[in-house]
Amino acid sequence: MVGMAADSKKLVIKVTAGADAPERCSQAFTVAAVAVAGGVEVSLWLTGESAWFALPGRAAEFELPHSAPLPELVDGILAGGRITLCTQCAARRGIEEKDVIEGVRIAGAQVFVSEVMGEDVRALVY
């Protein structure tokens, strides 16, 4: 991880996959957690089927052999980064602010665009 934080001041990751595409989902959370551990400012966006992981207990239901447990990755991301649930994705699933894990915010496309257009930002989509 040496030098990682110096390469990019902020990393924005949009994860569109959940249990429907477990490897892609796990990769997004893993990259986000590793980046946070390496001192990178991370913003992880939950969209599509990954929206369910904003709810308490849902990450614990996710299993993928040879991958880190999703609850540990979520905790690691929240310890030093930010997790955002897409407004429209939340609404389509009946998820409200009162329902989500502490530390998860709900925000929309305007906030996402402002984050990815910032100076020294790298964006990844999974």
Side-chain angles (χ1 to χ4, degrees):
M1 297 302 145
V2 175
M4 181 187 287
D7 295 337
S8 177
K9 293 190 173 151
K10 184 170 185 178
L11 179 61
V12 179
I13 299 172
K14 179 184 268 193
V15 55
T16 62
D20 59 324
E23 287 183 302
R24 193 162 26 114
C25 176
S26 180
Q27 289 169 359
F29 281 89
T30 300
V31 168
V34 167
V36 168
V40 176
E41 181 183 350
V42 173
S43 177
L44 178 73
W45 283 73
L46 305 176
T47 66
E49 286 302 297
S50 72
W52 296 113
F53 297 124
L55 298 175
R58 286 296 186 95
E61 297 172 5
F62 181 87
E63 290 186 22
L64 182 64
H66 309 291
S67 65
L70 204 57
E72 290 178 18
L73 296 174
V74 169
D75 289 346
I77 297 163
L78 286 173
R82 166 173 275 166
I83 296 179
T84 304
L85 171 59
C86 161
T87 302
Q88 289 183 14
C89 300
R92 280 190 282 274
R93 289 160 180 81
I95 301 171
E96 298 178 14
E97 196 80 45
K98 66 178 177 53
D99 302 322
V100 300
I101 299 166
E102 185 177 342
V104 173
R105 70 174 175 169
I106 297 177
Q110 182 179 2
V111 175
F112 178 79
V113 170
S114 70
E115 283 191 16
V116 299
M117 295 306 293
E119 194 170 325
D120 296 323
V121 175
R122 305 261 172 110
L124 301 172
V125 178
Y126 286 89

Would the distance check show the side chain of Thr84 and the main-chain N or O of Ile106 forming a donor-acceptor pair, the cut-off being under 3.5 Å?
no
Please check: side-chain N/O of Ser50 versus main-chain N/O of Gly18, any donor-acceptor pairing under 3.5 Å?
no
Holding to salt bridge (charged side-chain N to carboxylate O under 4.0 Å, His left out), I want the full list of residues that pass it with Arg93, two or more places apart in sequence or in another chain.
Glu49
How close do Phe29 and Ile77 get, heavy atom to heavy atom, and via which atoms?
O-CD1, 3.7 Å
So do Val74 and Phe53 actually touch side chain to side chain, heavy atoms under 4.5 Å?
no
Cys86 and Thr47: which non-hydrogen atoms are nearest, and at how many Å?
CB-CG2, 3.8 Å
By salt bridge (charged side-chain N to carboxylate O under 4.0 Å, His left out) - contacts of Arg105 (at least two apart):
Glu115
Does Glu102 form a side chain to side chain contact (heavy atoms under 4.5 Å, CB included) with Leu78? I'd like the steps, not just the answer.
CA-CA 9 Å; Glu102 185 177 342; Leu78 286 173; over 6 Å; no
Inter-residue atom distance Cys89.SG - Trp45.CH2, 0.5 Å rounding:
10.0 Å
On a heavy-atom basis, which atom in Ala54 and which in Leu85 lie closest, and how many Å separate them?
CB-CD2, 3.8 Å
Would you check, one step at a time, whether the test side chain to side chain contact (heavy atoms under 4.5 Å, CB included) holds for Ile95 with Trp52?
CA-CA 9 Å; Ile95 301 171; Trp52 296 113; 4.1 Å; yes
How far does SG of Cys25 sit from CG of Leu70, to the nearest 0.5 angstrom?
5.5 Å
Is the closest side-chain heavy-atom distance between Glu23 and Ser26 below 4.5 Å?
no
Let me know which of Leu11, Val15, Leu44, Val12 forms a side chain to side chain contact (heavy atoms under 4.5 Å, CB included) with Leu124.
Leu11
How long is the gap from CD1 on Ile83 to CG on Leu46, to the nearest 0.5 Å?
6.0 Å
Side chain of Ser114, backbone of Val111: donor and acceptor closer than 3.5 Å?
yes
Going by the rule side chain to side chain donor-acceptor pair (under 3.5 Å), which residues pair with Thr30 if we only count those two or more places apart in sequence or in a different chain?
none
Of all heavy-atom pairs linking Ala35 and Val42, the shortest is CB-CG2, 3.6 Å
Please check if atom CD in Gln110 has more than 12 non-hydrogen atoms from other residues, nucleotides or ligands closer than 6.0 Å.
no
